Amino acid sequence: MTKIKICGLKRSTDIYFANLAKPDYIGFVFAPSKRRVERCKAAMLKEQLLPEIQAVGVFVNATVSEIIDLVQQKIIDGVQLHGDENQAYIEALREKITCPIIKAVRMQQRASFEEVLHLPVDYFLLDTYVKNGYGGTGHTFDWKMIPKIQQLFFLAGGLSVKNIEAAILQVKPFCVDISSGVETNGVKDPDKMIEIVKKVRHITDLA
């Protein structure tokens with residue numbers, strides 16, 4: 001069954017409707033972004049989140065100690081790395097935390113994915129490449145660049161209710177990751193959140 005993550009939640013209203021929609025994961029962005037949430041706010045939002053929904057922290061070149069603290073304080077249940085984090089960085093995290101680690105890969109070409117397969121992570125997240133950017137573009141990439149591999153991965157980049165069926169059936173990701181695709185005027189839209197989770201569940205049941 002394809003899982004679904006809704007990323008970039010930062011308001012109590014977002015959490016309320018996430019609890020109604022029931023995605024498998026939600027994302028708190030701690031990296032510089034219009035969706036960034038401060039640690040204290042994330043802690044408050046996590047308390048409001050249903051326990052069966054996993055909260056993933058999104059980071060870009062953060063200090064290892066910052067991530068470890070958020071995990072140990074149970075503010076996040078998983079770690080998503082979107083920057084230039086290398087094997088040594090990930091191994092340093094592994095020494096202190098046991099939660100899942102996701103490494104984002106910006107898909108500029110087919111080899112982009114193959115270059116990072118050696119990294120000791122639980123999942124990869126395939127996202128659109130934009131020069132000088134680390135994600136959250138709202139644009140799709142050519143899914144034909146994804147090689148056939150055994151590793152489980154999240155698919156991100158411009159996903160919405162309009163293309164989510166094609167994404168699941170063609171790419172067969174472990175999880176689809178949506179952010180701008182469930183927003184209206186830059187704010188999480190409850191109707192879109194609920195609609196896309198229902199769509200993913202329906203597609204998965206038919207597949």
Side-chain angles (χ1 to χ4, degrees), residues 2-8 23-33 35-36 54-71 76-159 163-164 166-181:
T2 305
K3 298 184 181 296
I4 179 169
K5 172 171 169 276
I6 297 180
C7 200
D24 302 282
Y25 306 92
I26 60 94
F28 292 139
V29 178
F30 295 98
S33 165
R35 302 182 182 95
R36 181 172 185 168
Q54 299 290 291
V56 177
V58 180
F59 305 92
V60 173
N61 303 327
T63 63
V64 169
S65 60
E66 175 189 354
I67 297 175
I68 291 171
D69 177 64
L70 287 163
V71 173
I76 56 175
D77 308 299
V79 175
Q80 183 173 316
L81 305 175
H82 259 271
D84 307 306
E85 302 88 2
N86 58 19
Q87 183 165 339
Y89 181 104
I90 295 168
E91 288 175 348
L93 278 177
R94 284 282 188 211
E95 290 180 0
K96 298 292 185 180
I97 63 174
T98 59
C99 69
I101 297 176
I102 306 163
K103 181 69 178 83
V105 183
R106 294 179 290 155
M107 297 295 291
Q108 185 177 17
Q109 55 190 357
R110 189 180 181 87
S112 301
F113 199 178
E114 297 167 348
E115 290 172 356
V116 300
L117 288 177
H118 67 283
L119 293 176
V121 297
D122 298 280
Y123 307 102
F124 291 97
L125 181 143
L126 311 188
D127 202 355
T128 304
Y129 174 86
V130 174
K131 187 177 181 180
N132 300 322
Y134 286 102
T137 66
H139 299 288
T140 58
F141 64 92
D142 185 356
W143 299 332
K144 293 179 182 178
M145 287 192 291
I146 303 173
K148 292 182 179 179
I149 61 162
Q150 297 300 315
Q151 283 83 351
L152 298 177
F153 63 88
F154 287 56
L155 180 67
L159 298 178
N163 61 7
I164 201 69
I168 291 172
L169 298 180
Q170 292 179 33
V171 180
K172 297 179 171 57
F174 167 75
C175 181
V176 287
D177 191 313
I178 298 99
S179 186
S180 62

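Only heavy atoms go into these numbers, but all of them, side chains included; no hydrogens, no water, no symmetry mates. All figures in this text were calculated on a predicted structure; none of them were measured in a lab.
In this structure, I26 and K5 have side chains that are not in contact, with every pair of non-hydrogen atoms separated by 4.5 Å or more. Two residues are said to be in side-chain contact when any heavy atoms from C-beta on lie closer than 4.5 Å; I67 and Y89 meet this criterion. At a threshold of 4.5 Å between non-hydrogen side-chain atoms, the residues Y25 and D77 do not count as touching. Counting heavy atoms from C-beta outward, L70 and F28 have side chains that stay 4.5 Å or more apart. Looking at F141 and I146, their side chains come closer than 4.5 Å, going by heavy atoms from C-beta outward. Using a 4.5 Å heavy-atom cutoff, the side chains of F153 and V105 are not in contact. Between L159 and D177, the closest side-chain pair of non-hydrogen atoms is not below 4.5 Å. Taking the side chain as every heavy atom from C-beta outward, L125 and Y123 never approach each other to under 4.5 Å.
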Verdict with reasoning, I102 to V121, per side chain to side chain contact (heavy atoms under 4.5 Å, CB included):
CA-CA 6 Å; I102 306 163; V121 297; over 6 Å; no

Test N61 against E85 for side chain to side chain contact (heavy atoms under 4.5 Å, CB included), laying out the working first.
CA-CA 6 Å; N61 303 327; E85 302 88 2; 3.8 Å; yes

Residue pair K96, D69: steps toward the salt bridge (Lys or Arg N to Asp or Glu O under 4.0 Å) verdict:
CA-CA 10 Å; K96 298 292 185 180; D69 177 64; over 6 Å; no

Carefully, step by step, assess Q80 and F154 under the rule side chain to side chain contact (heavy atoms under 4.5 Å, CB included).
CA-CA 11 Å; Q80 183 173 316; F154 287 56; 5.5 Å; no

Worked check of side chain to side chain contact (heavy atoms under 4.5 Å, CB included) between C175 and D24:
CA-CA 9 Å; C175 181; D24 302 282; 5.8 Å; no

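The two atoms that bring P120 and I90 nearest to each other are O-CG2, 3.5 Å, heavy atoms only. Heavy-atom minimum distance, G78 versus C99: CA-SG, 3.9 Å. The two residues D122 and P100 have their closest heavy-atom pair at OD2-CA, 3.2 Å. Scanning all heavy atoms of the two residues, the minimum distance from P173 to A167 falls at CD-O, 3.7 Å.
Remark: the backbone N or O of G158 is not paired with any side-chain donor or acceptor of T140 at under 3.5 angstrom. R36 places a side-chain N or O within 3.5 Å of a backbone atom of F30 that can act as its donor or acceptor partner.
Residue F59 holds its CZ atom at 11.5 Å from NE2 of H82, rounded to the nearest 0.5 Å. Atoms CG and CG, from L81 and L119 in turn, are 9.5 Å apart once rounded to the nearest 0.5 Å. Note that CD1 of I4 is 6.0 Å distant from CD1 of I164, once rounded to the nearest 0.5 Å. Between atom NZ of residue K103 and atom CD of residue Q87 there is a gap of 12.5 Å, rounded to the nearest 0.5 Å. To the nearest 0.5 Å, atom NZ of residue K3 and atom CD of residue Q54 are 9.5 Å apart. Atom CD1 in I168 sits 10.0 Å away from atom CG in N163 (nearest 0.5 Å).
Among the candidates V60, V56, V58, the single residue satisfying the side chain to side chain contact (heavy atoms under 4.5 Å, CB included) test with V29 is V58.
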